[in-house]
Each structure stands twice: as structure tokens, then as C-alpha cells.
Amino acid sequence: MTQSSPIAELQRQKLLLQLEYSTEKEAFRKQTETLGLARKVKRGDAWFPLRVGKSYYNSLNQLTVEVFRTEDTDIEHNFEFGKPVVFFRTDPITRHPTPITHHPSPATQHPSPITYYPFNGTVSYVDGDRMVVTVPDGSHIADLQQADRLGVQLFFDETSYQMMFAALDRVMNARGNRLACLRDLFYSHQPAATFSFEPMKFPWLNPTQEQAVNQVLRAKDVAVVHGPPGTGKTTTLVEAIYETLRRESQVLVCAQSNMAVDWISEKLVDRGVNVLRIGNPTRVNDKMLGFTYERRFESHADYPQLWAIRKAIRELRGQRRGRTESYHQKLDRLKSRATEVELRINADLFGEARVIASTLVGSANRVLEGQKYGTLFIDEAAQALEAACWIAIRKAGRVVLAGDHCQLPPTVKSIAALKGGLGKTLMERIVENKPEVVTLLKVQYRMHEDIMRFSSNWFYDGQVQSAPQIKHRGILDYDVPMEWREAAPADADGSEQPTGEEFVGETFGRINKAEAEQTLATLEQYFNKIGKNRILEERIDVGIISPYRAQVQYLRRLIRQRAFFKPYRALISVNTVDGFQGQERDVILISLVRANAEGQIGFLRDLRRMNVAITRARMKLIILADVPTLTRHPFYSKLYRYIKNLENQNQSHNYD
């Protein structure tokens, strides 16, 4: 099969991205018009009602308003830095026959008509139930502060798409420069260039980690660090960045999500590297805030001077009368002084920093305009759309990608775009075209050997091995590390709710109440075996995972209601597979929900999700699932047989 040209492939990418853009925009419009407010709040896409705090200009001279969530504070929400939002209010009696908005109004669908405010905001940061939102100058801040039934909801993210389209255009139009060279290289089998030198020794790393760092240092164009679960990908990447900084004065480090950027930034800060984080962190603590651009900017010695100039500009603009020629001259003078001070502060901040860290979309931030870097590191590269990677690549001379294309893929909502190949990442493309630039990390430090082996055999050709010190880690003697609990049948008299999935709303997914009850009963039994004192003293932590958000929320509610779990609440977290990406727990329970006569398993067919779910467990993994439904699929059938075989071996070992 002849390979199509890079330009043709990128044009195809752009068409698929346009398809995804239209699908997401349309889904957002429908959801805004038809989803009741209560459902939006429950899904974590809206806060209502709100209390409005103070409004002020932040250090980047943006008007910001502080808001507080006053109800449903236990619902996990989806607001995070950089996401667009829109404010609304509900009117018990419609006071505005014509809404003050260009936003879709679901007034007809809701007993209290919703009126959207005619401006969008952007999340600056969120800390618990407090959120800071930047809004355009001239926004109706006074209206917000006076409204008594105010809410805020996530809005469609137009900006990220525009940046991705612009990046694809730039890559397609590149001629005779480094960007064109990388484009043609990534889309062909042409070998990537390397330096040659004796391998460096890193005695604190294992052989494959050491090999990966050397591969990164030798790469002139591209290197890929393929890190299966628990193999120390972040450790390896931090080492590679640290060594690169011995040869280069500054590098750009990006990832798809804010959380991944925070994680690697924190590890670099621990190594004593000066990191400048563009954008605000997901977890707001002093350590994280300390290396953000905004915090550094406002703690610069020249900042008070800049603040005074900006204040003078605002006051001058506020004068309605006397806008003479001297007024305009004075305004221009103040503006040029403000620009001069701002440039001076930026020069200092960027001059001191060794690592500039941001999300891929965040690398298009205006403060990075015109900046170029010798090396770009992209973590979580297997979760990023290719177009998002190109936003950052245009700033770099060479690219190092780290991730695992056998774990979570990028989120693609359009089925047609997914079938067309939008979900194929740049990392996968390079792994296929240039296997010689890839290093697979082969020693894992997280899981008991039996938990790891199934994943290793199915996803990594059996190449991943366990480090000797954790091979047989466990909580109880003679415990089998993996169990599959079959869904409990109904009682003979039919008194118990028979197990089975229910569908709760188009956009909310599936739920299996009997399986949720069984999940908690199983955990209670296991906790009783271990003993309360030991769990609390050793802080044995537990993750309960379900691929379906409705099941996650139902399980959370059940745990809150059960007195038994009260002492352990701080040790138990319940979330979706995506919510557990990059995390690990001593004990993991997975509720797979699906139970039907047809053997329908929906998106559980995406086995990469299951790879993430089963590899979160350090010592004990319990799967709760309906055997007849799941085992029609070869993967689940093999997993079931593998677990039953372990249980049989364990029984015979106990009898010996």
C-alpha cells in the first residue's frame, strides 16, 4: 500500500477534527437545551446556586470574579483551569421576555426559565468549592453580585479547536524549515538522525530506564519512551529532562491534561529545577502555586510599579469628560510604560526558568509568543490528539514523547471521526513508522506478579517483568491477588432485586444497583478479614472503579450512607477509569455494570480502558461482573479463565 503524502494525511486529520468539532458543538447545544439544571449539577458541569465574592484585576490585568458553590458540595465537578464557562440565572417568573443572550436558552424545558449572561468567562483556578473566573472588561459584574439565583456552567471550548486548526494549517504550509522537516520525518519511514556517544551510566535506574534516557540524549529528531503501568515513566522522563538541561539552557515540557503537567512539574521542582508553570495548577497548594507564572509575576520586585501604572490607566479611562489630545497622549505614555515594565518582568522570569511547563493548548499562550526551544517533552502523548501536539511542536527543534498507547486513548466523541482515525495519536504513528526510536520500559514496581502478568501478556507481548521486591506483595497470607465475583442471583423467593443493568438517561450512562450493593458487601467482607486497626494503622487504601459515571455516583452515595465505612472514608476513593489514570491503590474493586441477555458490552470493548483499570491495584484486585455477558468477548473470557486458574492454584497450594 503506498503511503499518502504528509500534507494529504494532515488534510484528512483536519477534516476529521472538523467532524469532531461539529459533533461536540451540536451535542453541547442539545445538552444545554434539554438537560435539566439538576442533571447538569449532578454531572458536575454546573454549580448552582452560587455566592459571588469579590471582583478584582489579577496580576495579568484580567478582570476576575470569585464565586462559591453553596450546595451539592460533595459532587465531583469538571471545572478546571482554562475551561470556558457562562453565567446564568433562573427566574421564578420571567422578568426578561427577551433573554439578554446569544447563548441557547432552555427556558422552555425548565420550570424556572434560564437566562444566560451575554459574555463568556474562563476558569482561572478552582480550590474546593471556590472558583476564580476571568471575565471580559465591561462585564456585568454588578449584575452578578446582585443576582439571587445565579449559577455557572461549562461552555463549549471553541478556543482549543481554533488553536488545533491553526496548528494543522501551519504544519501543512511549512516549507523549508524545521517544522516541515519534522512533519515529513514523522509521516515517513525515513530514519531519524541520532548523535553517537558512549552510553551514560545511571546506577539508580534499571537497564531499560537507563537505555531510554540515553536514547533521548542521542536523538536529534525524535525519541519515544513507552511506559507501561508502574514502570517509572515519570522517573525516567524527569531524569531525561534533567540530563538534557546539562546540554541546553531551557526546555518546554507539555502534557494533554493540567494534572499531568502538575505532576511532572512537581517532580522537577523536587529535583531542584526552576520550573515556570504557564497556567494554574489543578490542585491548589502553596508548593504548586509557587512556580506558576501568575504567582511569580506578582511577586516580582517591579510588579507594584506596574500595578500602579495599570490603576492609573483604568482611572484615566473612567473619566468621561475632558478627553482632549493631552488625555490621549497621557494614556499612550502610561500604556507604553506598562508594556516596558511587563516586558522587563517577563524577561526576568523566562531568563531564570530552566523548564517552561504547560498543557499542549497552553503552549499557545501569548506569553510564549516567539519563543523557541531545543527540545520539547510531551508527557501523556498517547492521550493527546495529534493536532494538539503540533501546537507545541512548532516551537521546538526536537521532540521526546512519553506515554503508553495501550492505556487511555484521546477522547473522541464523533463515531465517524473515530472510525476515520482521529483517535490515532502522533505517538502511535511514530511507534509504527520508527520502531527504532522507541524504548519500552520493562520493569514494573507497582503490582503483585499475578496482577501484572495478565496485562503484560495481553498488551506488551509478555515483556514487562516485576521488580523482585514487589513480586509477591500482599495484604493477607494465602490470599489470591485477583478475584472475579460473579453477580449475585436473585433469591429463590424473588425477594432480592435480580442483577441487571439499567439505563439512566441518554447522557448519563448505565447503572447496576445489585452489583453496586455486592461491590460494597465484598469490600466490607475483605475489610473484616484484614481488621479495622490494621487498615487504619497501615492506611491501606482502596479504589472502586466503574467505567460508568452513573454507577460511580451511585456507589459514592451508598458509601456515604453506610455506617460501616465511616472510619475508612478518607481511604476509599470511587471514580471512573479516566479519573484513576496515573494513580494506584493497595486494593482495587472494579464494577463493570453490564448484564444483559444479548452480551452487549458497549465501550467496555475498548480494552485500553480495562488495562488502566486492572493495573491500578498494588496487592488485591476484585472484579465484579456478570460472567455470561462479559465472557462472550475474547479478552474478558481469557481474563476470567486466568483468574479462575489463579484461584484453583491457590486452593491446591493451601491444601498441600
Side-chain angles (χ1 to χ4, degrees), residues 3-21 24 82 157-188 190 192 219 221-224 251-257 260-261 278-279 356-366 368-403 405 409-412 417 420-434 437:
Q3 209 171 11
S4 58
S5 78
I7 307 289
E9 271 295 317
L10 285 156
Q11 273 165 340
R12 209 166 131 268
Q13 282 270 323
K14 192 178 173 184
L15 286 172
L16 294 171
L17 190 64
Q18 264 155 348
L19 202 57
E20 172 73 357
Y21 168 72
E24 204 176 331
D157 190 359
E158 189 88 39
T159 317
S160 297
Y161 277 104
Q162 297 315 332
M163 285 177 182
M164 288 194 278
F165 288 131
L168 288 176
D169 285 340
R170 243 188 321 265
V171 177
M172 287 189 277
N173 296 329
R175 298 284 179 275
N177 58 9
R178 186 62 182 151
L179 188 59
C181 173
L182 289 174
R183 172 197 67 205
D184 297 344
L185 184 72
F186 294 168
Y187 275 87
S188 70
Q190 170 193 337
D221 301 316
V222 65
V224 175
V251 299
L252 179 61
V253 175
C254 293
Q256 168 65 21
S257 70
V261 180
I278 308 299
I356 308 300
S358 76
T359 58
L360 290 161
V361 170
S363 68
N365 192 303
R366 65 173 186 86
L368 297 182
E369 248 167 56
Q371 304 260 22
K372 291 276 185 232
Y373 303 90
T375 308
L376 161 68
F377 290 87
I378 303 179
D379 194 11
E380 259 191 6
Q383 269 188 278
L385 289 175
E386 177 171 340
C389 291
W390 285 113
I391 298 174
I393 293 173
R394 68 198 169 90
K395 294 181 176 298
R398 65 181 195 130
V399 187
V400 177
L401 302 108
H405 47 284
T411 306
V412 177
L422 186 64
K424 182 171 184 172
T425 61
L426 187 62
M427 175 166 161
E428 278 177 276
R429 195 181 296 286
I430 293 166
V431 167
E432 268 175 33
N433 288 344
K434 301 191 172 19
V437 306

Measuring from [X]:[atom1] to [Y]:[atom2], what's the distance to the nearest 0.5 Å?
X      : Y      : atom1 : atom2 : result
Leu426 : Leu401 : CG    : CG    : 6.0 Å
Asn365 : Gln371 : CG    : CD    : 10.5 Å
Arg170 : Met163 : CZ    : CE    : 10.0 Å
Leu252 : Ser358 : CG    : OG    : 5.5 Å

Excluding sequence neighbours, so at least two apart, what forms side-chain contact (heavy atoms from CB on, under 4.5 Å) with [X]?
X      : answer
Asn173 : Asp169
Leu19  : Ser414, Ala416, Ala417
Gln383 : Glu380, Leu408, Gln581

Closest contact, heavy atoms only, Ser160 versus Val361: OG-CG1, 3.8 Å
Side-chain donor-acceptor pairs of residues 389-399 under 3.5 Å, sequence neighbours excluded:
| from | atom 1 | to | atom 2 | distance (Å) |
| --- | --- | --- | --- | --- |
| Trp390 | NE1 | Glu386 | OE2 | 3.0 |
| Arg394 | NE | Ile391 | O | 2.9 |
| Lys395 | NZ | Leu368 | O | 2.9 |
| Arg398 | NE | Thr375 | OG1 | 2.8 |
| Arg398 | NH1 | Val216 | O | 2.6 |
| Arg398 | NH1 | Ala219 | O | 2.7 |
| Arg398 | NH2 | Thr375 | OG1 | 3.4 |

Partner residues of Tyr21 under the ring pair (Phe, Tyr, Trp, His ring centres under 6.0 Å) criterion, sequence neighbours left out: Phe156, Tyr161, Phe165
Basic-acidic side-chain contact under 4.0 Å: Lys424, Glu432: yes
Salt bridge (charged side-chain N to carboxylate O under 4.0 Å, His left out) between Arg366 and Glu369, worked out: CA-CA 5 Å; Arg366 65 173 186 86; Glu369 248 167 56; over 6 Å; no
CA sep, side-chain torsions, deciding dist, call: Leu182, Val171, side chain to side chain contact (heavy atoms under 4.5 Å, CB included): CA-CA 9 Å; Leu182 289 174; Val171 177; over 6 Å; no
Intermediate values then yes/no, side chain to side chain contact (heavy atoms under 4.5 Å, CB included), Lys434 and Ser188: CA-CA 8 Å; Lys434 301 191 172 19; Ser188 70; 4.2 Å; yes
Side chain Asp379, main chain Val253, donor-acceptor under 3.5 Å: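 No; judged by distance alone, with no hydrogens or angles, the pair does not exist.
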Listed partners of Asp184 passing side-chain hydrogen bond (donor to acceptor under 3.5 Å, both in side chains), at least two apart: none
Close side-chain approach of Arg178 and Asp221, heavy atoms under 4.5 Å: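 The answer is yes; the side chains approach within 4.5 Å.
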Stepwise side chain to side chain contact (heavy atoms under 4.5 Å, CB included) check, Met164 with Glu20: CA-CA 12 Å; Met164 288 194 278; Glu20 172 73 357; over 6 Å; no
